[in-house]
There are 2 protein chains.
Amino acid sequence: MARDSAAEGAAQPGLTRQMLVAAGLRVLEREGISGLSMRKVAAELGVKAASLYWHVRNKEQLLDLLTDGLMADAEPPPRQGDWREQLREYSLRYRRHLLAKRDSAKVVAGRLTLGPNLLRLMEEQLDRLREAGFSDADAALANYLLGAFVQGFVLQEQSPISASETEGASRSEVARAAADRLRGLPETAFPNLVALAGDLTAPSMDDRFAFGLERLLDGLAALLTENHAHPTPEPAPLEGKPSPHE
Amino acid sequence: MARDSAAEGAAQPGLTRQMLVAAGLRVLEREGISGLSMRKVAAELGVKAASLYWHVRNKEQLLDLLTDGLMADAEPPPRQGDWREQLREYSLRYRRHLLAKRDSAKVVAGRLTLGPNLLRLMEEQLDRLREAGFSDADAALANYLLGAFVQGFVLQEQSPISASETEGASRSEVARAAADRLRGLPETAFPNLVALAGDLTAPSMDDRFAFGLERLLDGLAALLTENHAHPTPEPAPLEGKPSPHE
DNA sequence: ACCTGAACACCGTTCAAGT
DNA sequence: ACCTGAACACCGTTCAAGT
């Protein structure tokens with residue numbers, strides 16, 4: 001159940017959540033996500049694995065804490081420039097931030113934690129979005145969208161192209177091999193893959209990210225201009241109605 | 001090393017890769033990704049874990065095979081409608097397809113396999129994109145972007161909101177709790193989070209997906225119209241130059 | 001050529017017991 | 001209040017040995 005406030009004047013615990021998080025981040029950086037075990041985190045603290053369970057319910061909860069810890073030194077959107085530049089810069093920096101921390105996306109992905117560090121970033125981003133003229137609802141949706149985009153993208157980026165053939169092989173070697181593979185496909189069945197073999201494999205991850213980001217920003221910009229112009233078939237936020245898949 | 005062609009007239013192997021994949025998919029559906037172990041897959045086939053290693057190098061390779069197996073019955077983009085409708089419909093269906101298979105996104109995410117089933121889908125999607133008038137380079141980038149978007153999104157969607165508080169609690173209860181949490185923040189430090197507490201927590205995943213998808217499609221549409229109008233600061237695909245982070 | 005037994009080096013988690 | 005020893009029920013992978 002893990003106390004939050006050490007109410008009584010208890011002897012200082014020797015271990016704190018903050019120490020678990022710091023140790024967890026060190027293990028993650030050193031050994032990657034596959035090496036991030038409760039036992040190793042405990043060892044990092046000079047303690048036995050069972051001890052961690054006094055401070056944390058289970059490994060999932062530790063991962064939640066690590067998720068917010070990974071955001072600790074992420075920079076919020078800048079203040080100079082128009083909203084496009086602000087959001088572009090923020091997204092690029094956020095991506096670099098995640099890329100710099102080993103396997104960070106694997107920890108963060110699919111984990112919506114709302115820890116203090118994430119809240120700080122959200123607050124700033126929402127500020128820029130509203131300043132830009134987005135409605136409250138659009139600002140909220142855009143905030144989610146941008147976060148999901150960057151996290152999802154880095155997740156792909158931090159994983160080996162195809163785990164089964166990760167043995168050696170540089171970035172460009174893998175791309176060359178993929179291109180050859182596509183070019184060698186039966187042309188009658190896969191005319192487009194054969195024709196675009198080069199285009200599909202040439203772009204760097206930087207290129208792909210930049211492309212996606214500019215498309216997203218263009219899409220958001222369209223919200224500001226056409227406002228109520230042509231009717232995009234966007235589903236109204238159906239009230240209580242249960243969603244189809246549940 | 002796992003043979004591909006059973007060259008000699010060897011006695012039929014009893015086990016085949018296809019059987020591994022089918023068994024793996026059954027285990028995944030029944031027990032989720034945390035229950036997907038080599039031992040359980042083996043048991044599903046009435047065999048011992050060590051036997052699998054004759055047919056497959058390791059678990060990673062089996063996951064690669066499962067990734068393509070998950071695409072087996074995914075539907076390609078439809079032919080009716082304009083390109084926007086085609087891509088919208090395809091993305092919506094692809095999302096539903098992944099959502100319908102337990103933990104599929106956790107298997108698929110960060111795994112670019114280029115198996116036969118994925119190739120089939122790519123071929124069709126590239127066809128629609130080129131038909132719509134996108135350049136080869138843009139079609140290739142858009143193809144990657146849409147795939148990454150849907151996969152990344154479903155990954156968030158298939159994970160519990162916050163793993164540490166997954167005990168019971170329905171969709172709407174979690175949303176309510178999050179809203180209350182945001183509303184309760186210190187207003188001077190987090191004015192936007194407090195003001196948008198409702199907007200941030202109200203949208204369903206359907207809403208969020210639709211929003212992101214329409215923004216992406218708008219962004220792609222802009223590529224077709226303005227073509228060379230105003231200069232978006234898109235980095236030229238720098239030739240051999242090493243990327244900053246490596 | 002294909003499968004198994006047995007082992008190695010790990011896991012997350014629980015819980016009685018210590019201090 | 002906090003930490004440990006010891007155990008339980010698992011993992012992925014290897015490899016000599018069987019057929």
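Letters A, B, ... are given to chains in the order of the sequence lines, protein chains preceding strands, and every chain is numbered from 1.
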Paired nucleotide for C:dC3 [Watson-Crick or G-U wobble; both distances under 3.5 Å]
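Partner of C:dC3: none found under 3.5 Å.
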Watson-Crick/G-U partner (both atom distances under 3.5 Å) of D:dC8:
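C:dG12 is the nucleotide pairing with D:dC8.
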Side chain of A:Val47: nearest nucleotide among D:dT14, D:dC3, C:dT13?
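So the side chain of A:Val47 is nearest to D:dC3.
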Selection from C:dG12, C:dT13, C:dC2 that lies nearest to any side-chain heavy atom of B:Trp54
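Among the listed nucleotides, the one closest to the side chain of B:Trp54 is C:dC2.
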Length of the [atom1]-[atom2] vector between [X] and [N], whole Å:
{"X": "B:Glu31", "N": "D:dC11", "atom1": "CD", "atom2": "P", "answer": "9 Å"}
{"X": "A:Ile33", "N": "C:dC11", "atom1": "CD1", "atom2": "C1'", "answer": "14 Å"}
{"X": "A:Lys48", "N": "C:dC15", "atom1": "NZ", "atom2": "C1'", "answer": "16 Å"}
{"X": "B:Arg39", "N": "C:dT4", "atom1": "CZ", "atom2": "P", "answer": "14 Å"}
{"X": "B:Leu45", "N": "C:dC3", "atom1": "CG", "atom2": "P", "answer": "10 Å"}
{"X": "B:Tyr53", "N": "D:dA16", "atom1": "OH", "atom2": "C1'", "answer": "17 Å"}
{"X": "A:Asn58", "N": "C:dG12", "atom1": "CG", "atom2": "P", "answer": "11 Å"}
{"X": "B:Arg17", "N": "C:dC3", "atom1": "CZ", "atom2": "P", "answer": "14 Å"}

Quick check on C:dC11: is either OP1 or OP2 less than 4.0 Å from any side-chain nitrogen or oxygen of A:Lys59?
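Checking A:Lys59 against C:dC11: no side-chain N or O falls below 4.0 Å of OP1 or OP2.
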Can you find a side chain N or O atom of A:His55 that sits less than 4.0 Å from OP1 or OP2 on D:dC3?
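Indeed, a polar side-chain atom of A:His55 lies that close.
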Considering every strand and a 4.0 Å limit on heavy-atom distances, what is the contact class for A:Ser51: base, sugar-phosphate, or nothing?
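Base contact - A:Ser51 has a heavy atom under 4.0 Å of at least one base atom.
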Just wondering, are more than 12 heavy atoms of other shown residues or ligands nearer than 6.0 Å to CD in B:Gln18?
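It does not: B:Gln18 CD has 12 such atoms or fewer within range.
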Can a salt bridge be assigned to the pair B:Arg120 and B:Asp68 using a cut-off of 4.0 Å between side-chain N and carboxylate O?
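B:Asp68 and B:Arg120: not salt-bridged.
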Is the shortest heavy-atom distance from the side chain of A:Asp73 to the side chain of A:Lys101 under 4.5 Å?
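A:Asp73 reaches A:Lys101 side chain to side chain.
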Exercise: do B:Ser204 and B:Asp207 side chains pair donor with acceptor under 3.5 Å
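There is such a pair between these side chains.
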Return whichever of B:Lys40 or A:Gly46 has its heavy-atom-nearest nucleotide of DNA chain D closer to the 5' end.
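Result: A:Gly46.
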Does NZ or CZ of A:Arg95 lie under 6.0 Å from the centre of the six-membered ring of A:Phe153, at an angle within 45° of the ring axis?
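The answer is no; the distance or angle limit is not met.
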